[in-house]
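Before any comments, here is the structure.
This is a predicted model, so every value here is computed, not measured.
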Amino acid sequence: MVLGEPTLLLFLRKFKFIQILSLFVFLSLVVIGTTTSFSHSLISNKSTTITIEKGQSLNTVLRQLSVTSGEEFLLKAYLYTSGIDFIQAGHYELVDKTWRQFFADISNGSIKQYKFKIQEGSNLFELKKLIQSSNLNFDCPKFSCLDPGLAFHEGTLMPDTYFYKHNSPVSTILLHSQAAFIDYSQSIWKLKTSLNPLKTLDDAIILASIVEKEAGNDDEKSIIAGVFLNRLNLKMRLQADPTIIYGLLPNFNGNITKKNLKDPSNKYNTYQISGLPPTPISIVSKSSLEAVILGEPNEYLYFVAKGDGTHYFSRNYAEHLQAVRKYQLNKAL
C-alpha cells in the first residue's frame with residue numbers, strides 16, 4: 001500500500017509531534033528530578049540565620065543567600081512544582097538545613113526560637129551582660145520595667161529557662177519571671193512558723209539570696225539557713241563573705257582582703273553591719289527560699305567549706321577554729 005502525499009505529511013507531522021512531546025516529557029522529568037535532588041542539598045551559607053522582613057520577595061531572600069543563577073532556576077522550579085508561593089517574615093535557622101526544610105520553614109512560619117536562662121545564684125550585673133549578648137531587645141534599661149512598688153529588683157526574678165523569638169523585648173520575659181517569683185514567694189511566706197525570726201518577706205528573700213551563694217548543694221541549704229536564723233535570733237553578725245563581694249561589684253577582683261573585711265562603708269559588709277544587708281545579693285532558687293522561710297534556728301553558729309562542696313558546722317567558736325585549721329589553713333599549706 002502506497003501512502004498518498006497528504007497522508008504521508010500527516011504521519012510525519014504526528015511523528016514529529018510525538019518526538020517533541022517525548023522530548024518535553026523527558027526534559028520535564030530531568031528538571032523535576034534535578035530540582036528535587038537539589039532541594040535535599042544543604043544550604044551552603046556562612047550565615048547561621050536569616051531575617052526575612054515583612055513584604056520581602058523571594059528574589060531578595062535568594063540574593064541574601066548568595067545563590068547562583070543556576071541554583072536560583074532550580075530553586076524556583078522546585079517552588080513551582082511544590083506549590084509553595086507564600087513566605088512569612090521572621091528569623092530563621094540555616095544551620096544543617098536543606099533547601100526543602102528551609103522553604104517549608106518560611107512557608108509555615110517556623111521561626112527560630114532562642115533560649116534564655118535566668119540562673120539562680122547570678123545577679124543583675126551578670127544578667128545584664130547575658131541580655132546584651134543575646135538576641136533579645138534590651139528594652140528594660142537599668143531593669144526599670146520591673147515592679148517599681150518593690151523595695152528592690154535584685155532577687156525578685158524566678159530562675160528558669162525562657163524561650164523567645166529574635167529581637168523579642170526582654171521586658172516580657174523579666175515581667176513574667178518576676179510575677180512568677182512574687183506569687184511563689186508569697187505562697188511560701190504564708191507557711192512560716194512562729195519560731196522563725198524573720199519579720200517580712202523582703203527579709204526572707206534577702207537571707208535566701210545569701211544562702212543561695214553560700215550553699216554548695218541543696219542538701220545543706222536548710223542547715224545553712226538555720227545557722228543564719230540562729231545568728232539573727234542571737235543578734236550576731238552574719239559574717240557572710242558573698243555579701244562583701246556583692247558590695248564590691250561590678251569591680252570585684254576575685255579576692256577579699258582584710259581591708260574589705262574591715263570596711264564599714266560597704267553597706268553589704270555583714271562583718272561590719274548588724275542584721276541583713278539592704279537588698280538581696282543574687283537571684284534566688286525555690287529551694288533556698290523554702291530553706292529560709294520554712295526553716296528554724298538550729299544549734300549551729302558557724303560553718304566552713306571543706307573543699308568538696310560541703311561544709312563543716314560548728315556549735316561554738318573553738319570548734320569552728322579547729323575546723324578552719326583542718327579544712328582551710330592546712331589546705332593552704
Side-chain angles (χ1 to χ4, degrees), residues 112-147 150-188 201-202 204-222 224-225 228 240-254 256 268 276-294 305 308-311:
K112 176 178 174 60
Q113 282 198 323
Y114 294 89
K115 290 194 297 185
F116 181 73
K117 186 174 183 179
I118 298 179
Q119 182 69 47
E120 62 268 19
S122 63
N123 55 56
L124 292 183
F125 298 101
E126 295 165 327
L127 186 61
K128 181 179 179 181
K129 291 181 180 179
L130 186 63
I131 295 170
Q132 291 173 332
S133 65
S134 72
N135 288 282
L136 286 161
N137 174 16
F138 199 173
D139 65 336
C140 187
K142 298 181 180 180
F143 299 98
S144 56
C145 64
L146 296 177
D147 191 339
L150 300 177
F152 41 72
H153 291 152
E154 186 71 85
T156 65
L157 299 175
M158 179 67 80
D160 204 347
T161 299
Y162 300 87
F163 294 89
Y164 68 95
K165 297 176 181 178
H166 178 69
N167 207 35
S168 296
V170 73
S171 58
T172 302
I173 293 176
L174 295 180
L175 289 171
H176 175 75
S177 177
Q178 188 180 60
F181 180 81
I182 296 304
D183 285 347
Y184 185 76
S185 62
Q186 288 176 342
S187 67
I188 292 296
L201 177 55
D202 284 356
I205 296 172
I206 293 172
L207 184 56
S209 73
I210 300 175
V211 171
E212 191 71 55
K213 298 298 290 184
E214 289 279 19
N217 57 75
D218 284 350
D219 293 337
E220 289 189 344
K221 284 183 177 180
S222 60
I224 292 175
F228 287 131
D241 290 355
T243 62
I244 295 179
I245 294 172
Y246 186 83
L248 297 172
L249 293 176
N251 302 313
F252 178 60
N253 63 10
I256 298 177
Y268 288 87
L276 295 164
T279 74
I281 62 171
S282 75
I283 292 168
V284 178
S285 65
K286 289 182 178 180
S287 58
S288 292
L289 194 64
E290 291 167 4
V292 167
I293 295 177
L294 305 181
D308 61 357
T310 63
H311 295 82

Sequence neighbours left out, what passes side-chain hydrogen bond (donor to acceptor under 3.5 Å, both in side chains) with [X]? Give chain and number order.
| X | value |
| --- | --- |
| Asp160 | none |
| Thr279 | Tyr268 |
| Gln113 | none |
| Ser285 | Glu212, Lys221, Ser287, Ser288 |

Not counting sequence neighbours, which residues clear ring pair (Phe, Tyr, Trp, His ring centres under 6.0 Å) with Phe116? List them please.
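Partners of Phe116 under the ring pair (Phe, Tyr, Trp, His ring centres under 6.0 Å) test: none.
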Can you sort out the partners of His166 under ring pair (Phe, Tyr, Trp, His ring centres under 6.0 Å), two or more places apart, ordered by chain and number?
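Counting only residues at least two positions away or on another chain, His166 forms a ring pair (Phe, Tyr, Trp, His ring centres under 6.0 Å) with His91.
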Spatial distance of atom [atom1] ([X]) from atom [atom2] ([Y]) [nearest 0.5 Å]:
| X | Y | atom1 | atom2 | answer |
| --- | --- | --- | --- | --- |
| Ile182 | Ser187 | CD1 | OG | 11.0 Å |
| Leu276 | Ser209 | CG | OG | 8.5 Å |
| Leu136 | Tyr114 | CG | OH | 10.0 Å |
| Ile131 | Leu174 | CD1 | CG | 5.0 Å |
| Leu294 | Ile188 | CG | CD1 | 5.5 Å |
| Gln186 | Ile293 | CD | CD1 | 10.0 Å |

I want to check something: taking the side chain as every heavy atom from C-beta on, are [X] and [Y] in contact at a cut-off of under 4.5 Å?
| X | Y | result |
| --- | --- | --- |
| Tyr164 | Val170 | no |
| Leu130 | Gln119 | no |
| Asp147 | Thr156 | no |

Who are the side-chain contact (heavy atoms from CB on, under 4.5 Å) partners of [X], not counting sequence neighbours?
| X | answer |
| --- | --- |
| Leu124 | Leu127, Phe143, His153, Glu154, Leu157 |
| Asn217 | Asp219, Glu220, Thr310 |
| Lys286 | Met158, Tyr184, Glu290 |
| Lys115 | Thr161, Phe163 |

After noting the C-alpha distance and the side-chain angles of Ile256 and Ile245, does the key distance pass the side chain to side chain contact (heavy atoms under 4.5 Å, CB included) rule?
CA-CA 7 Å; Ile256 298 177; Ile245 294 172; 3.7 Å; yes
What heavy-atom pair brings [X] and [Y] nearest, and what distance separates the two atoms?
| X | Y | value |
| --- | --- | --- |
| Ile205 | Pro280 | CG2-CG, 3.7 Å |
| Pro277 | Thr243 | CG-CG2, 4.3 Å |
| Ala240 | Ile210 | CB-CG2, 3.8 Å |
| Ala204 | Val292 | O-CG1, 3.7 Å |
| Ala208 | Val284 | CB-CG1, 3.6 Å |
| Cys145 | Leu175 | O-CD2, 3.2 Å |

Please confirm whether the backbone N or O of Ser171 pairs with a side-chain atom of Asp139, one donor and one acceptor, at under 3.5 Å?
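Answer holds: yes.
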Can you see whether Tyr162 engages Ser177 through a side-chain donor-acceptor pair at a distance of less than 3.5 angstrom?
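Result is yes, a qualifying pair exists.
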Applying salt bridge (charged side-chain N to carboxylate O under 4.0 Å, His left out) as the test, list every pair that has at least one member in residues 118-128; sequence neighbours left out.
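Every candidate salt bridge (charged side-chain N to carboxylate O under 4.0 Å, His left out) pair involving residues 118-128 fails, so no pair, neighbours aside, qualifies.
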Run the numbers on Phe228 and Glu214 for side chain to side chain contact (heavy atoms under 4.5 Å, CB included), then give the verdict.
CA-CA 11 Å; Phe228 287 131; Glu214 289 279 19; 4.2 Å; yes
Could you walk me through whether Ile283 and Phe181 pass the side chain to side chain contact (heavy atoms under 4.5 Å, CB included) check?
CA-CA 10 Å; Ile283 292 168; Phe181 180 81; over 6 Å; no
